[in-house]
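First the proteins, then the strands, lettered A, B, ... as listed; each starts at 1.
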2 protein chains.
Amino acid sequence: MSEKTKARKAALAEKLVELAERQIQLGGLASLKARPLAQDAGCAVGAIYNVYDDMTALVLQVNGRTFQRLGAAVTKAVESARQDTPTQRLIAMSHAYLHFASENTNLWRALFDVEMSADGPVPQWYLDALGGLFSNIAEPLSEIFPDMHEHELDLMTRALFSSVHGIVLLGLERRISGVPDDQIEKMIGQVLTQIG
Amino acid sequence: MSEKTKARKAALAEKLVELAERQIQLGGLASLKARPLAQDAGCAVGAIYNVYDDMTALVLQVNGRTFQRLGAAVTKAVESARQDTPTQRLIAMSHAYLHFASENTNLWRALFDVEMSADGPVPQWYLDALGGLFSNIAEPLSEIFPDMHEHELDLMTRALFSSVHGIVLLGLERRISGVPDDQIEKMIGQVLTQIG
DNA sequence: TCAACCCCTGAACACCGTTCAGTTCGGTAA
DNA sequence: TTACCGAACTGAACGGTGTTCAGGGGTTGA
(Lines give C-alpha, C1' and ligand atoms only; values in the text may rest on other atoms or scores of the structure.)
Protein backbone atom coordinates (compact mmCIF):
# COMPACT_ATOMS: atom_id res chain seq x y z
CA MET A 1 0.00 0.00 0.00
CA SER A 2 1.37 3.38 -1.01
CA GLU A 3 1.84 6.36 1.25
CA LYS A 4 -0.95 8.27 -0.41
CA THR A 5 -3.53 5.58 0.11
CA LYS A 6 -2.34 5.12 3.67
CA ALA A 7 -2.85 8.82 4.28
CA ARG A 8 -6.29 8.71 2.68
CA LYS A 9 -7.18 5.73 4.84
CA ALA A 10 -5.99 7.51 7.96
CA ALA A 11 -7.94 10.62 7.03
CA LEU A 12 -11.12 8.60 6.61
CA ALA A 13 -10.50 6.81 9.90
CA GLU A 14 -10.13 10.18 11.62
CA LYS A 15 -13.21 11.65 9.99
CA LEU A 16 -15.27 8.59 10.90
CA VAL A 17 -14.21 8.55 14.53
CA GLU A 18 -14.98 12.26 14.87
CA LEU A 19 -18.40 11.91 13.28
CA ALA A 20 -19.11 8.83 15.39
CA GLU A 21 -18.06 10.66 18.55
CA ARG A 22 -20.31 13.57 17.67
CA GLN A 23 -23.23 11.25 16.96
CA ILE A 24 -22.83 9.28 20.19
CA GLN A 25 -22.55 12.49 22.16
CA LEU A 26 -25.73 13.90 20.61
CA GLY A 27 -27.93 10.82 20.34
CA GLY A 28 -26.38 8.04 22.39
CA LEU A 29 -24.61 4.86 21.36
CA ALA A 30 -27.78 3.32 19.95
CA SER A 31 -28.17 6.18 17.48
CA LEU A 32 -24.89 5.42 15.72
CA LYS A 33 -25.84 3.73 12.43
CA ALA A 34 -23.56 2.64 9.62
CA ARG A 35 -25.47 4.14 6.69
CA PRO A 36 -26.04 7.67 8.05
CA LEU A 37 -22.43 7.69 9.24
CA ALA A 38 -21.21 6.85 5.75
CA GLN A 39 -23.41 9.57 4.28
CA ASP A 40 -22.06 12.13 6.74
CA ALA A 41 -18.53 11.08 5.87
CA GLY A 42 -19.26 11.24 2.16
CA CYS A 43 -18.35 7.63 1.48
CA ALA A 44 -20.09 4.31 0.92
CA VAL A 45 -21.04 2.00 3.78
CA GLY A 46 -18.48 -0.54 2.64
CA ALA A 47 -15.67 1.99 3.02
CA ILE A 48 -16.14 1.93 6.78
CA TYR A 49 -15.08 -1.71 6.77
CA ASN A 50 -11.86 -0.96 4.95
CA VAL A 51 -10.85 1.14 7.94
CA TYR A 52 -12.49 -0.65 10.89
CA ASP A 53 -13.23 -4.35 11.33
CA ASP A 54 -16.77 -3.55 12.42
CA MET A 55 -18.80 -0.86 14.14
CA THR A 56 -17.68 -2.11 17.55
CA ALA A 57 -14.07 -1.36 16.62
CA LEU A 58 -15.08 2.16 15.69
CA VAL A 59 -16.89 2.63 18.99
CA LEU A 60 -13.82 1.33 20.83
CA GLN A 61 -11.81 4.01 19.05
CA VAL A 62 -14.25 6.64 20.27
CA ASN A 63 -14.04 5.14 23.74
CA GLY A 64 -10.27 5.46 23.63
CA ARG A 65 -10.58 9.21 23.11
CA THR A 66 -13.22 9.49 25.81
CA PHE A 67 -11.11 7.56 28.29
CA GLN A 68 -8.18 9.83 27.55
CA ARG A 69 -10.21 12.98 28.20
CA LEU A 70 -11.71 11.42 31.33
CA GLY A 71 -8.28 10.48 32.64
CA ALA A 72 -6.98 13.98 31.96
CA ALA A 73 -9.90 15.56 33.82
CA VAL A 74 -9.42 13.34 36.88
CA THR A 75 -5.66 13.77 36.90
CA LYS A 76 -6.01 17.53 36.64
CA ALA A 77 -8.41 17.52 39.58
CA VAL A 78 -6.13 15.52 41.84
CA GLU A 79 -3.12 17.62 40.89
CA SER A 80 -4.76 20.94 41.62
CA ALA A 81 -5.73 19.53 45.03
CA ARG A 82 -2.13 18.46 45.68
CA GLN A 83 -1.89 20.29 49.03
CA ASP A 84 -5.27 19.14 50.35
CA THR A 85 -5.91 16.18 52.63
CA PRO A 86 -6.07 12.73 51.07
CA THR A 87 -9.81 12.60 51.63
CA GLN A 88 -10.28 15.96 49.93
CA ARG A 89 -8.22 14.71 47.01
CA LEU A 90 -10.46 11.65 46.72
CA ILE A 91 -13.50 13.90 46.75
CA ALA A 92 -11.97 16.22 44.16
CA MET A 93 -11.31 13.28 41.84
CA SER A 94 -14.79 11.92 42.33
CA HIS A 95 -16.35 15.29 41.59
CA ALA A 96 -14.26 15.53 38.44
CA TYR A 97 -15.50 12.06 37.49
CA LEU A 98 -19.08 13.14 38.13
CA HIS A 99 -18.78 16.35 36.13
CA PHE A 100 -17.20 14.59 33.21
CA ALA A 101 -19.94 11.97 33.21
CA SER A 102 -22.59 14.64 33.57
CA GLU A 103 -21.28 16.76 30.71
CA ASN A 104 -20.46 13.83 28.44
CA THR A 105 -23.17 11.43 29.52
CA ASN A 106 -23.65 9.58 26.27
CA LEU A 107 -19.93 9.22 25.56
CA TRP A 108 -19.29 8.15 29.14
CA ARG A 109 -22.10 5.59 28.96
CA ALA A 110 -20.62 4.17 25.76
CA LEU A 111 -17.49 3.27 27.75
CA PHE A 112 -19.48 0.63 29.60
CA ASP A 113 -22.30 -0.14 27.18
CA VAL A 114 -20.14 -1.39 24.31
CA GLU A 115 -20.27 -5.13 23.77
CA MET A 116 -16.90 -6.66 24.40
CA SER A 117 -17.84 -10.20 25.24
CA ALA A 118 -18.21 -11.01 21.56
CA ASP A 119 -14.60 -11.39 20.51
CA GLY A 120 -11.32 -11.68 22.34
CA PRO A 121 -10.15 -10.23 25.62
CA VAL A 122 -10.48 -6.63 26.79
CA PRO A 123 -8.12 -4.32 24.85
CA GLN A 124 -4.90 -3.55 26.69
CA TRP A 125 -5.40 0.23 26.57
CA TYR A 126 -8.69 -0.31 28.36
CA LEU A 127 -6.91 -1.98 31.25
CA ASP A 128 -4.12 0.61 31.15
CA ALA A 129 -6.57 3.52 31.31
CA LEU A 130 -8.37 1.89 34.22
CA GLY A 131 -5.04 1.25 35.91
CA GLY A 132 -4.22 4.94 35.62
CA LEU A 133 -7.48 5.88 37.31
CA PHE A 134 -6.86 3.30 40.02
CA SER A 135 -3.37 4.54 40.81
CA ASN A 136 -4.78 8.04 41.27
CA ILE A 137 -7.12 6.62 43.87
CA ALA A 138 -4.62 4.31 45.54
CA GLU A 139 -2.21 7.11 46.33
CA PRO A 140 -4.43 9.14 48.71
CA LEU A 141 -5.79 5.89 50.13
CA SER A 142 -2.31 4.72 51.12
CA GLU A 143 -1.96 7.96 53.08
CA ILE A 144 -5.25 7.42 54.87
CA PHE A 145 -4.45 3.76 55.63
CA PRO A 146 -0.63 3.60 55.81
CA ASP A 147 -0.65 0.19 57.49
CA MET A 148 -2.99 -1.52 55.06
CA HIS A 149 -1.60 -4.46 53.15
CA GLU A 150 -1.12 -4.03 49.42
CA HIS A 151 -3.79 -6.53 48.52
CA GLU A 152 -6.37 -4.94 50.75
CA LEU A 153 -5.39 -1.51 49.47
CA ASP A 154 -5.97 -2.71 45.93
CA LEU A 155 -9.36 -4.06 46.92
CA MET A 156 -10.25 -0.82 48.67
CA THR A 157 -9.20 1.14 45.60
CA ARG A 158 -11.51 -0.85 43.35
CA ALA A 159 -14.25 -0.67 45.95
CA LEU A 160 -14.08 3.12 46.14
CA PHE A 161 -13.96 3.55 42.38
CA SER A 162 -16.92 1.22 42.02
CA SER A 163 -18.83 3.06 44.71
CA VAL A 164 -18.36 6.45 43.09
CA HIS A 165 -19.12 4.94 39.71
CA GLY A 166 -22.34 3.46 41.07
CA ILE A 167 -23.42 6.74 42.65
CA VAL A 168 -22.78 8.61 39.41
CA LEU A 169 -24.40 5.88 37.30
CA LEU A 170 -27.66 5.68 39.20
CA GLY A 171 -27.64 9.39 39.90
CA LEU A 172 -27.55 10.24 36.21
CA GLU A 173 -30.14 7.57 35.43
CA ARG A 174 -33.23 9.70 35.55
CA ARG A 175 -35.66 6.80 35.67
CA ILE A 176 -34.07 5.21 38.74
CA SER A 177 -33.35 8.04 41.10
CA GLY A 178 -32.73 11.12 38.97
CA VAL A 179 -31.19 13.75 41.19
CA PRO A 180 -29.40 17.00 40.27
CA ASP A 181 -25.64 17.13 40.13
CA ASP A 182 -25.15 18.96 43.41
CA GLN A 183 -27.14 16.26 45.20
CA ILE A 184 -24.89 13.61 43.64
CA GLU A 185 -21.89 15.61 44.81
CA LYS A 186 -23.35 15.54 48.29
CA MET A 187 -23.81 11.76 48.16
CA ILE A 188 -20.21 11.26 47.09
CA GLY A 189 -19.09 13.55 49.88
CA GLN A 190 -21.18 11.66 52.44
CA VAL A 191 -19.63 8.32 51.56
CA LEU A 192 -16.05 9.47 51.12
CA THR A 193 -16.05 11.61 54.25
CA GLN A 194 -17.08 8.57 56.27
CA ILE A 195 -14.17 6.65 54.76
CA GLY A 196 -11.52 9.18 55.68
CA MET B 1 -63.92 -11.66 25.52
CA SER B 2 -65.05 -14.91 27.05
CA GLU B 3 -63.55 -16.50 30.13
CA LYS B 4 -62.04 -19.34 28.15
CA THR B 5 -60.15 -17.09 25.77
CA LYS B 6 -59.01 -14.94 28.66
CA ALA B 7 -57.67 -18.03 30.35
CA ARG B 8 -55.92 -19.12 27.17
CA LYS B 9 -54.43 -15.67 26.78
CA ALA B 10 -53.24 -15.72 30.39
CA ALA B 11 -51.76 -19.18 29.88
CA LEU B 12 -49.82 -18.00 26.84
CA ALA B 13 -48.64 -14.90 28.71
CA GLU B 14 -47.41 -17.12 31.54
CA LYS B 15 -45.70 -19.56 29.21
CA LEU B 16 -44.02 -16.74 27.32
CA VAL B 17 -42.74 -15.00 30.43
CA GLU B 18 -41.35 -18.27 31.78
CA LEU B 19 -39.61 -19.12 28.53
CA ALA B 20 -38.28 -15.57 28.25
CA GLU B 21 -37.00 -15.70 31.81
CA ARG B 22 -35.27 -18.97 31.12
CA GLN B 23 -33.72 -17.63 27.93
CA ILE B 24 -32.45 -14.43 29.55
CA GLN B 25 -31.03 -16.40 32.44
CA LEU B 26 -29.19 -18.77 30.10
CA GLY B 27 -28.07 -16.45 27.31
CA GLY B 28 -28.55 -12.89 28.45
CA LEU B 29 -31.05 -10.25 27.44
CA ALA B 30 -29.58 -9.91 23.94
CA SER B 31 -30.27 -13.59 23.22
CA LEU B 32 -34.02 -13.21 23.63
CA LYS B 33 -35.48 -13.24 20.09
CA ALA B 34 -39.11 -13.18 19.05
CA ARG B 35 -39.03 -16.03 16.52
CA PRO B 36 -37.24 -18.68 18.64
CA LEU B 37 -39.41 -17.68 21.59
CA ALA B 38 -42.57 -18.26 19.54
CA GLN B 39 -41.24 -21.61 18.38
CA ASP B 40 -40.49 -22.64 21.98
CA ALA B 41 -43.98 -21.59 23.01
CA GLY B 42 -45.53 -23.42 20.09
CA CYS B 43 -47.20 -20.36 18.62
CA ALA B 44 -46.66 -17.89 15.78
CA VAL B 45 -44.59 -14.74 16.22
CA GLY B 46 -47.70 -12.62 15.86
CA ALA B 47 -49.33 -14.32 18.86
CA ILE B 48 -46.75 -12.72 21.13
CA TYR B 49 -48.18 -9.34 20.20
CA ASN B 50 -51.69 -10.34 21.19
CA VAL B 51 -50.42 -10.76 24.73
CA TYR B 52 -47.69 -8.12 25.03
CA ASP B 53 -47.41 -4.75 23.31
CA ASP B 54 -43.83 -5.50 22.32
CA MET B 55 -40.79 -7.44 23.45
CA THR B 56 -39.88 -4.72 25.92
CA ALA B 57 -43.18 -5.25 27.74
CA LEU B 58 -42.37 -8.94 28.00
CA VAL B 59 -38.93 -8.17 29.40
CA LEU B 60 -40.50 -5.80 31.92
CA GLN B 61 -42.73 -8.66 33.03
CA VAL B 62 -39.65 -10.83 33.54
CA ASN B 63 -38.03 -7.97 35.44
CA GLY B 64 -41.05 -7.77 37.69
CA ARG B 65 -40.53 -11.37 38.76
CA THR B 66 -36.81 -10.83 39.18
CA PHE B 67 -37.33 -7.73 41.30
CA GLN B 68 -39.74 -9.65 43.50
CA ARG B 69 -37.25 -12.46 44.08
CA LEU B 70 -34.47 -9.95 44.70
CA GLY B 71 -36.56 -8.05 47.20
CA ALA B 72 -37.47 -11.26 48.99
CA ALA B 73 -33.82 -12.30 49.24
CA VAL B 74 -32.74 -8.94 50.66
CA THR B 75 -35.66 -8.75 53.09
CA LYS B 76 -34.96 -12.27 54.32
CA ALA B 77 -31.32 -11.35 54.91
CA VAL B 78 -32.11 -8.25 56.93
CA GLU B 79 -34.74 -10.09 58.96
CA SER B 80 -32.52 -12.98 59.92
CA ALA B 81 -29.97 -10.41 61.10
CA ARG B 82 -32.59 -8.66 63.21
CA GLN B 83 -30.55 -8.80 66.40
CA ASP B 84 -27.26 -7.70 64.85
CA THR B 85 -25.85 -4.18 64.77
CA PRO B 86 -27.17 -1.79 62.11
CA THR B 87 -23.87 -1.99 60.24
CA GLN B 88 -24.01 -5.78 60.25
CA ARG B 89 -27.55 -5.62 58.92
CA LEU B 90 -26.40 -3.35 56.10
CA ILE B 91 -23.62 -5.80 55.29
CA ALA B 92 -26.02 -8.74 55.40
CA MET B 93 -28.34 -7.03 52.93
CA SER B 94 -25.48 -6.13 50.65
CA HIS B 95 -24.18 -9.68 50.66
CA ALA B 96 -27.65 -10.94 49.83
CA TYR B 97 -27.74 -8.44 46.95
CA LEU B 98 -24.35 -9.68 45.76
CA HIS B 99 -25.30 -13.33 45.95
CA PHE B 100 -28.53 -12.76 44.11
CA ALA B 101 -26.74 -10.83 41.37
CA SER B 102 -24.02 -13.48 41.22
CA GLU B 103 -26.42 -16.37 40.92
CA ASN B 104 -28.86 -14.61 38.57
CA THR B 105 -26.42 -12.41 36.71
CA ASN B 106 -28.22 -12.21 33.40
CA LEU B 107 -31.64 -11.66 34.94
CA TRP B 108 -30.21 -9.08 37.32
CA ARG B 109 -28.48 -7.28 34.44
CA ALA B 110 -31.76 -7.17 32.52
CA LEU B 111 -33.22 -5.07 35.34
CA PHE B 112 -30.97 -2.21 34.31
CA ASP B 113 -30.26 -2.96 30.65
CA VAL B 114 -33.83 -2.77 29.39
CA GLU B 115 -34.64 0.30 27.34
CA MET B 116 -37.31 2.36 28.99
CA SER B 117 -36.43 5.87 27.93
CA ALA B 118 -38.35 5.40 24.70
CA ASP B 119 -41.92 5.85 25.84
CA GLY B 120 -43.71 6.95 28.96
CA PRO B 121 -42.71 7.06 32.60
CA VAL B 122 -41.22 4.28 34.67
CA PRO B 123 -43.80 1.65 35.72
CA GLN B 124 -45.08 2.22 39.22
CA TRP B 125 -44.08 -1.24 40.45
CA TYR B 126 -40.50 -0.40 39.45
CA LEU B 127 -40.49 2.59 41.76
CA ASP B 128 -42.32 0.63 44.47
CA ALA B 129 -39.79 -2.21 44.36
CA LEU B 130 -36.93 0.26 44.56
CA GLY B 131 -38.67 2.04 47.41
CA GLY B 132 -38.88 -1.26 49.28
CA LEU B 133 -35.17 -1.82 48.91
CA PHE B 134 -34.45 1.75 50.00
CA SER B 135 -36.58 1.50 53.14
CA ASN B 136 -34.67 -1.63 54.15
CA ILE B 137 -31.48 0.40 53.93
CA ALA B 138 -32.84 3.54 55.56
CA GLU B 139 -33.87 1.75 58.73
CA PRO B 140 -30.41 0.63 59.91
CA LEU B 141 -28.98 3.94 58.70
CA SER B 142 -31.33 5.92 60.92
CA GLU B 143 -29.99 3.92 63.87
CA ILE B 144 -26.39 4.69 62.92
CA PHE B 145 -27.13 8.38 62.37
CA PRO B 146 -30.09 9.16 64.67
CA ASP B 147 -29.60 12.93 64.35
CA MET B 148 -29.41 13.05 60.58
CA HIS B 149 -32.10 15.08 58.80
CA GLU B 150 -34.59 13.16 56.72
CA HIS B 151 -33.39 14.60 53.45
CA GLU B 152 -29.78 13.75 54.15
CA LEU B 153 -30.78 10.30 55.32
CA ASP B 154 -32.57 9.74 52.03
CA LEU B 155 -29.50 10.89 50.14
CA MET B 156 -27.28 8.62 52.21
CA THR B 157 -29.62 5.71 51.55
CA ARG B 158 -29.41 6.18 47.80
CA ALA B 159 -25.67 6.71 48.04
CA LEU B 160 -25.14 3.45 49.91
CA PHE B 161 -27.36 1.47 47.58
CA SER B 162 -25.57 2.95 44.59
CA SER B 163 -22.19 2.17 46.12
CA VAL B 164 -23.00 -1.46 46.73
CA HIS B 165 -24.62 -1.69 43.30
CA GLY B 166 -21.47 -0.26 41.72
CA ILE B 167 -19.21 -2.69 43.57
CA VAL B 168 -21.34 -5.64 42.53
CA LEU B 169 -21.68 -4.37 38.96
CA LEU B 170 -18.00 -3.85 38.29
CA GLY B 171 -17.07 -6.87 40.36
CA LEU B 172 -19.19 -9.21 38.27
CA GLU B 173 -18.13 -7.51 35.03
CA ARG B 174 -14.60 -8.75 35.49
CA ARG B 175 -15.66 -12.17 36.59
CA ILE B 176 -13.70 -13.67 33.74
CA SER B 177 -10.50 -12.04 34.93
CA GLY B 178 -11.07 -13.82 38.20
CA VAL B 179 -12.57 -11.66 40.94
CA PRO B 180 -14.32 -14.25 43.07
CA ASP B 181 -17.41 -13.45 45.10
CA ASP B 182 -15.61 -13.47 48.43
CA GLN B 183 -13.35 -10.66 47.22
CA ILE B 184 -16.43 -8.62 46.32
CA GLU B 185 -17.83 -9.41 49.74
CA LYS B 186 -14.65 -8.06 51.24
CA MET B 187 -14.91 -4.84 49.26
CA ILE B 188 -18.48 -4.30 50.43
CA GLY B 189 -17.38 -4.97 53.98
CA GLN B 190 -14.51 -2.51 53.70
CA VAL B 191 -16.75 0.33 52.56
CA LEU B 192 -19.68 -0.36 54.88
CA THR B 193 -17.52 -0.91 57.94
CA GLN B 194 -15.98 2.51 57.42
CA ILE B 195 -19.46 4.00 57.26
CA GLY B 196 -20.65 2.52 60.54
C1' DT C 1 1.26 4.01 -22.31
C1' DC C 2 -0.60 0.39 -20.22
C1' DA C 3 -1.24 -3.52 -17.50
C1' DA C 4 -1.57 -4.99 -12.64
C1' DC C 5 -3.33 -3.88 -8.45
C1' DC C 6 -6.59 -2.82 -4.91
C1' DC C 7 -9.62 0.72 -2.95
C1' DC C 8 -14.30 1.92 -3.22
C1' DT C 9 -19.04 1.34 -4.44
C1' DG C 10 -23.80 0.07 -3.37
C1' DA C 11 -26.86 -3.73 -4.24
C1' DA C 12 -27.58 -7.89 -1.90
C1' DC C 13 -27.64 -10.89 2.29
C1' DA C 14 -28.97 -12.49 6.87
C1' DC C 15 -31.38 -11.30 10.69
C1' DC C 16 -34.00 -8.34 13.72
C1' DG C 17 -38.80 -6.61 15.78
C1' DT C 18 -43.15 -5.61 14.21
C1' DT C 19 -47.42 -5.57 11.27
C1' DC C 20 -51.66 -7.14 9.06
C1' DA C 21 -54.68 -9.37 5.54
C1' DG C 22 -56.39 -13.79 5.43
C1' DT C 23 -57.73 -17.90 7.95
C1' DT C 24 -59.37 -20.43 11.79
C1' DC C 25 -61.70 -20.87 15.99
C1' DG C 26 -64.97 -20.00 20.01
C1' DG C 27 -69.19 -18.35 21.76
C1' DT C 28 -73.92 -17.35 20.95
C1' DA C 29 -78.48 -16.86 18.96
C1' DA C 30 -81.81 -19.02 15.92
C1' DT D 1 -77.69 -28.49 15.13
C1' DT D 2 -76.68 -24.80 12.53
C1' DA D 3 -75.36 -20.19 11.20
C1' DC D 4 -73.09 -16.36 12.14
C1' DC D 5 -69.75 -12.94 13.82
C1' DG D 6 -66.03 -11.10 16.27
C1' DA D 7 -61.65 -12.17 18.14
C1' DA D 8 -57.42 -14.91 18.08
C1' DC D 9 -54.01 -16.79 15.36
C1' DT D 10 -51.02 -17.39 11.37
C1' DG D 11 -46.83 -16.46 8.77
C1' DA D 12 -45.40 -13.90 4.80
C1' DA D 13 -44.12 -9.32 4.21
C1' DC D 14 -42.17 -4.72 5.73
C1' DG D 15 -38.80 -1.56 7.26
C1' DG D 16 -34.53 -1.29 9.46
C1' DT D 17 -30.17 -3.18 11.24
C1' DG D 18 -24.76 -4.59 10.42
C1' DT D 19 -21.96 -6.81 7.16
C1' DT D 20 -20.32 -8.73 2.63
C1' DC D 21 -18.53 -8.95 -2.11
C1' DA D 22 -18.34 -8.91 -7.23
C1' DG D 23 -17.25 -5.56 -10.21
C1' DG D 24 -16.18 -0.70 -11.73
C1' DG D 25 -12.68 2.69 -11.55
C1' DG D 26 -8.79 5.17 -9.73
C1' DT D 27 -3.64 4.57 -8.52
C1' DT D 28 0.73 2.86 -9.12
C1' DG D 29 5.01 1.51 -11.15
C1' DA D 30 7.55 -0.08 -15.31
Does the pair Lys186(B) and Asp182(B) meet the rule for a salt bridge (Lys or Arg N to Asp or Glu O under 4.0 Å), with working shown?
-> CA-CA 6 Å; Lys186(B) 226 173 167 182; Asp182(B) 61 334; over 6 Å; no
Please tell me if the side chains of Phe112(B) and Glu173(A) come closer than 4.5 Å, counting only heavy atoms from C-beta onward.
->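 Phe112(B) does not reach Glu173(A) side chain to side chain.
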Check: Leu111(A) and Leu70(A) side chains under 4.5 Å, non-hydrogen atoms =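 In short, these two side chains touch, coming nearer than 4.5 Å.
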Rounded to whole Å, please give me the gap between [atom1] in [X] and [atom2] in [N].
X: Lys33(B); N: dG17(C); atom1: NZ; atom2: P; answer: 6 Å
X: Lys9(A); N: dC8(C); atom1: NZ; atom2: P; answer: 8 Å
X: Gln39(B); N: dC15(C); atom1: CD; atom2: C1'; answer: 15 Å
X: Tyr52(A); N: dC7(C); atom1: OH; atom2: C1'; answer: 17 Å
X: Leu58(A); N: dT17(D); atom1: CG; atom2: P; answer: 16 Å
X: Ile48(A); N: dC21(D); atom1: CD1; atom2: C1'; answer: 16 Å

Listed nucleotide nearest any side-chain atom of [X], set [options]:
X: Asn50(A); options: dT9(C), dG18(D), dG17(C); value: dT9(C)
X: Tyr49(B); options: dT9(C), dT18(C), dT19(D); value: dT18(C)
X: Ala44(B); options: dT10(D), dC8(C), dT9(C); value: dT10(D)
X: Arg8(A); options: dG18(D), dC8(C), dA8(D); value: dC8(C)

Using a cut-off of 4.0 Å on non-hydrogen atoms, how would the nucleic acid contact of Leu32(B) be classed: base, sugar-phosphate, or nothing?
->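 The residue Leu32(B) makes sugar-phosphate contact but no base contact.
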Once the angle between the rings of Phe67(A) and Trp125(A) is folded into 0 to 90°, is it parallel (under 30°), tilted (30 to 60°) or perpendicular (over 60°)?
->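 Plane angle over 60°, so perpendicular.
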Nearest nucleotide by nearest heavy atom, which residue falls closer to the 5' end of DNA chain D, Pro36(A) or Gly46(A)?
->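 Here Pro36(A) is the residue nearer the 5' end.
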When only distance counts, do a donor and an acceptor, one from the side chain of Arg35(A) and one from the base of dG16(D), lie under 3.5 Å apart?
->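 Counting by modelled atom types and ignoring angles, no donor-acceptor contact under 3.5 Å is found here.
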